[in-house]
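Worksheet for the structure shown next.
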Amino acid sequence: MNRIEKLEKVKGKKLIIYLMAGDPDMASTQALLEMLCTEGVSLIEIGIPFSDPIADGKTIQLAGERALKNGADIDKTLKIVKAVRKKFDTPMVFMTYYNIIYKYGFEKFIANSLKAGLDGAIIPDRPYDEDENFGKVAKSAGYDIIYLTAPTSSVERARKMVEKTSGFLYYILVKGTTGVKTGALNDYKKAAVFKKMGKRQVFAGFGISKPEQVKEVLKYSDGVIVGSAFVKIINENSEDKKKMLSKARNFVKKFSKEVFEYEK
Amino acid sequence: MSLPDKKGHFGIFGGSYAPETLRALIDKLEKEYKKALKDKKFWEEYNYYLREYAGRPNPLYFAERLSEKFGGKIYLKREDLNHTGSHKINNTLGQILIAKRMGKKRIIAETGAGQHGVAAATVAAMFGMKCEVYMGEEDIKRQALNVFRMNILGAKVNSVSSGTKTLKDAMNEAIRDWLVNVDDTFYLIGTVSGFHPYPAMVRDFQAVIGKEARQQILKAEGRLPNNLVACVGGGSNAIGLFYPFLNDKKVRLFGVEAGGLGIKTAMHAATLSKGSVGILHGTKTYILQDKKGQILNTHSISAGLDYPGVGPEHSYLKDIKRAQYVTVTDKEAVEGFMTLSRLEGIIPALESSHAIAYLKKMKLKKNELTIVCLSGRGDKDVNTVIDYLKK
């Protein structure tokens, strides 16, 4: 059983935090990852910057530009993952665009990921029905590819994704990019529909920036994903590393409280 | 076998690498487009607008003095004479009819040189739809005339300041807009790239160029041409000309890419000549990227060719060696621009000037028959050329 599958056995709701590798620098990314593990976050998504991030709003776009300037890439990030993995068991996945993985070579990507202790990848611009061989190679290696469903997903496609996704199903709460707008309640509810389709845990993200939103989202899903708001906190405090870490920690604590103390 | 396949693949290229949010809409669009393909009424309406509104068919003009200079017999397919001044109207008329059928009220588009933006704004005005055009900050500066035109036509031009501030970033921003406004918006893509079915759909609307040219050359010369020449940025005018000749194996196809300051420098946009396979803007195709898969900055004097990707069908035609892709530098393109202006009294767009400039390199024989796609007129480029010649 891999780490994400183990997470499924853990009772209660889950908190997932996203951060961009290399923003503000690689050393800070490692410190932030260790902080997130210590804080008991359920799963961490690590962004690898891409020059043309079509699914991202301004906050993550800019974080990506900073990270690229800092030279963040797959290999450097895997190195950090490996270091963190020695101390912590928290599941970690990459979230990035397909071209980077394609260029790296997906067999090599999966092999090196597993070696470093990275559990999987979320790739918003590679649907399950393109380059199907990638999905097959990942599956046979025990590497999790997590698919994203959206409020606009047809039941047919959602069924396929529930079947193909490993680890968990990502539910996009809004029509739009990351970190821009708050989702409509009707769109929230669809997470519950996809949850009922299979035994997969459904984690919901896009547009969650405040702890107050958590309760509503958790009514329909198994976990919340917080990205842009966390990236913003890091960026606003990046001048002073100590302050950045403590602000980031406080941010996470507020969400942890809402998520882990959630009762119906 | 006719390409693309069901899922939009041209060999290993193409496909639909789309964010899930867009998928349902893209599927709907595909259905609507397939339905339209078989619907006589749709084509009647489309052809009506091509004829009465865009002014088709346009001439296949025998350029006598150009022929004297470069050899053989050279014909120009006069897309510059279309309403709005380029081939782009062929596609925007087709897509807006599809948008209408889908009940959409708002159009978005990306543009580089502004030719597609103008063509999109034009049809949106005519059909009473709202139109927003995304355009890179750099391109807004160098194609100011077209920005005015779009504004006059009632479109809102959104300046894009992310990334390289050119066409690729405009396309990123248009896709993001579409993600947000997926319920009411139709994305009118200007070239044969993007998610399936766009590469096939845009090709089918641009194929009118080649269909007319084929009939016209047979009428004028009683035989097929030896060469077809067209510039390639995303590649819509080139595919439009090439497509009806693909099965005429003896007709050689030349796609001319932007060589910028030279393809040995980093300052060019010669995607097929210098790129490698990757995924950009929803399709697998040749792209200009570094060894880590980051998309490279491009350069061309011509905003319409300044793009690090290319339509997937061109990638396929390159790999099966059906078409050849060559390059022309900024300097040569400006020479081509001047040559056509002085010899034929036709000021070509800088994009099309690349195709004209390549004639010099072809060493055409006396009995060779060549058709060049004159994809657009050059009014929009006179400032750029004057500045260039001053340097």
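Naming: A, B, ... by sequence-line order, numbering from 1 per chain.
Within the 4.5 angstrom heavy-atom criterion, no atom of B/N297 approaches chain A. Residue B/D27 touches chain A through its side chain alone, counting heavy-atom pairs closer than 4.5 Å. Contact annotation for A/T149: only backbone heavy atoms (N, CA, C, O) come within less than 4.5 Å of a heavy atom of chain B. Of the two parts of B/T164, neither the backbone nor the side chain holds a non-hydrogen atom closer than 4.5 Å to a non-hydrogen atom of chain A. Residue contact with chain B, scored on non-hydrogen atoms closer than 4.5 Å, involves the side chain of A/D73 exclusively. In this structure, no portion of B/D177 lies under 4.5 Å from any heavy atom of chain A. Within the 4.5 angstrom heavy-atom criterion, atoms from both the backbone and the side chain of A/F50 approach chain B. At a 4.5 Å heavy-atom cutoff, the contact between A/L68 and chain B is made by side-chain atoms alone. Residue A/I172 touches chain B through its side chain alone, counting heavy-atom pairs closer than 4.5 Å.
If you tally non-hydrogen atom pairs under 4.5 Å between each of B/S16, B/P19, B/S276 and chain A, the highest count goes to B/S16. Across B/N181, B/D169, B/D183, the residue that shares the most heavy-atom pairs under 4.5 angstrom with chain A is B/D183. Note: A/P53 leads A/P151, A/P53, A/P49 in heavy-atom pairs under 4.5 Å with chain B. Ranked by heavy-atom pairs shorter than 4.5 Å toward chain A, the options B/G163, B/G278, B/A174 are led by B/G278.
No side-chain heavy atom of B/I279 sits under 4.5 Å from any side-chain heavy atom of A/Y97. By the 4.5 Å heavy-atom criterion applied to side chains, B/H196 and A/E130 are not counted as neighbours. Looking at B/S162 and A/K58, their side chains come closer than 4.5 Å, going by heavy atoms from C-beta outward. With a 4.5 Å cut-off on side-chain heavy atoms, A/K103 and B/I287 do not count as touching. Proximity of A/D131 to B/K284: side-chain heavy atoms (C-beta onward) are separated by under 4.5 Å at one or more points.
Across A/R157, A/K175, A/K160, a single residue satisfies salt bridge (charged side-chain N to carboxylate O under 4.0 Å, His left out) together with B/E20, and that is A/R157.
Checking side-chain atoms of A/R126 against main-chain N and O of B/Y17 turns up no donor-acceptor pair under 3.5 Å.
Separation of atoms CG (B/L280) and OG (A/S51) is listed at 7.5 Å; rounding is to 0.5 Å. With rounding to the nearest 0.5 angstrom, the CZ atom of B/R23 is 4.5 Å from the CG atom of A/D129. Rounded to the nearest 0.5 Å, atoms CG (B/L22) and CG (A/D125) are 11.0 Å apart. Going from atom OG1 of B/T21 over to atom CG of A/D187 covers 9.5 Å, rounded to the nearest 0.5 Å. Considering CD1 of A/I54 and CD1 of B/I175, their distance stands at 4.5 Å, rounded to 0.5 Å. With values rounded to the nearest 0.5 angstrom, B/M171 atom CE is found 11.0 Å from A/D52 atom CG.
Annotation for B/K105: atom NZ does not count as buried by contact number, only 12 or fewer foreign heavy atoms lying within 6.0 Å.
For the pair B/Q294 and A/I100, the tightest heavy-atom approach, listed with the atom from each and the gap, is NE2-CD1, 3.6 Å.
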